[in-house]
K.L.:
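Sharing a structure below in structure tokens format, with a few things to ask.
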Amino acid sequence: MTSHQATHANTEAGYNFAYLDEQTKRMLRRALLKAVAIPGYQVPFAGREMPLPYGWGTGGIQVTAAIIGIDDVLKVIDQGADDTTNAVSIRRFFARTTGVETTERTRDATVIQTRHRIPETPLQADQIIVFQVPIPEPLRFIEPRESETRTMHALREYGVMHIKLYEDIAHHGHIATTYAYPVRVNDHYIMDPSPIPKFDNPKLDNSPALQLFGAGREKRIYAVPPYTKVRSLDFEDHPFEVQTWTQHCEFCGSGNTFLDEVVVDDEGKRIYVCSDTDFCRSNMPEETSA
Amino acid sequence: MNQHSTMATDYFAASELPLLTVSGLTKHYANGRGIDDVSFDIYQGEVLGIVGESGSGKSTLLKCLSGQLEPQQGSIVYRKADLSTVDIYSVSERFRRELQRSDWGLVHQHPSDGLRMNVSAGANIGERLMATGIRHYGNLHNASKAWLSEVEIDATRVNDKPTSFSGGMQQRLQIARNLVTHPRLMFMDEPTGGLDVSVQARLLDLLRNLVAELGLAVVLVTHDLAVARLLSHRLLVMKDGELVEQGLTDQILDDPQHPYSQLLVSSVLTP
């Protein structure tokens, strides 16, 4: 298996291409194929110990390692930003172990590993997005037994899933779940879309890109193949809706993107900025970005 | 006219045919205990008490009946509302679970086993309705409030968690949660165990009214003969996994035939 061995000048010596050995990558790809074949179904896999702590993206990083090739262009984001610790570390990890080109531009990337966001720029058919997932089981909060949740998935016993939404309305008057908002994939499996804001849920539906989800601690992989129906759960009298802001982005003036609230001084002054740094940069008026 | 007479025939047929037919039920655990060759029928609208000492197989029998524990031998045949019959362990698990959450109810001795303690009373009651596909919050909420009042809990507590309820209220909530889909058959495992005497009396009163009102069939497991006398129409006496005597409640309690039944009845303390 030398065809994939990187020969890039900047790669670390002594490691296989993309850190994992070929046999492990093959195991991961088998799990990925099964996941793609059964949209939304959680496939167990033999998760490996990775050189970063659980919760930092061990699942996502293994999925990326299994699919990345020498010709790929990698983008890594954390909360929408390319320059946060998690994103920088993982991007550097793959740059050093594969030598592939990395980018911050969504359009140029072929593989995007993400934590907590889907880029604002619509994804294309030749792109793969890899999500880092902390808790893959959407039924876990209501049913602690794995044997039982598996049966519930198999028999589509999803009535209990609405309990969470019911509780929201009972206590807050509206559906107060704002992230990790449960979805139904291909009219069958209920899936946790990872802790993306529900603002991003509509982007999951009928996406031209392949969407892969990796949970390292729980050792589960699941997927949404391109052009698959993904519906967010709701009640007839409380339909699903996404967050909206009265403010616009302080930098680029965008009024239809997911905004972060940032405290900028000791007096508690706040500004709102795009969480997607790449989109914000490309959306700036010509004179400032030039 | 024709239709009317058919309905009348169906009604008589339904009340004459057993709701649940148990024959030759056997389940042995590895230690040799369990139940051995148990057979009986349950009819619509009747409360069947199962009494016996600890370890006599009462709970094993209830688990087998309610579809939670597959017996090694014997069959349990349930008659649906349309009079067709199903052997509950030969149908698919999917169908059995559907029966469990629509046609049947299960009341546990400890409310924490039968309730979801970390969600509100309303969600507890609404769960079965959501499982049947109701997706309208307003309707679910109203149904929850109605059932709370039905079991004598203040409807304003609909958004409170069961953890803030007293033991008696939790037990009544558990009953409401089961009744919301209008089951035809309820399984109750010591429903009054762990409650003090006055709360127990109130719960028994409520149960008796609900059973009469809704025409429920109930399988009631209890070791308390007073509860059995008050609620059940018929009694089964179990000893060492075997059915030693069955008959009308008053008949068994006032004139027990089997030596063990005689012992059981005579060992009740009277204050």
K.L.:
With a 4.0 Å cut-off, would you call A:D205 and A:R231 a salt bridge?
P.N.:
yes
K.L.:
Given that the side chain runs from C-beta out, which part of B:R94 has a heavy atom under 4.5 Å from chain A: side chain, backbone, both or neither?
P.N.:
both
K.L.:
Atom CD1 of A:I169 and atom OG of B:S120: how far apart are they, to the nearest 0.5 Å?
P.N.:
11.0 Å
K.L.:
Taking everything shown except A:W245 itself, do over 12 heavy atoms lie less than 6.0 Å from its CH2?
P.N.:
yes
K.L.:
At a heavy-atom separation under 4.5 Å, does B:R101 approach chain A through its side chain, its backbone, both, or neither?
P.N.:
side chain
K.L.:
Please say whether the positively charged group of A:K198, taken as NZ for Lys or CZ for Arg, lies over the ring of A:Y179, i.e. under 6.0 angstrom from the six-membered ring centre and within 45 degrees of the axis.
P.N.:
no
K.L.:
So which residue, B:E127, B:R97, B:H141, ends up with the most heavy-atom pairs under 4.5 Å with chain A?
P.N.:
B:R97
K.L.:
Should A:D200 and A:R117 count as an ion pair when the cut-off is N to O under 4.0 Å?
P.N.:
yes
K.L.:
Counting only non-hydrogen atoms closer than 4.5 Å, does A:H162 touch chain B with its backbone (N, CA, C, O), its side chain (CB onward), both, or neither?
P.N.:
both
K.L.:
Non-hydrogen atoms of chain B under 4.5 Å away: do they reach the side chain of A:I142, the backbone, both or neither?
P.N.:
both
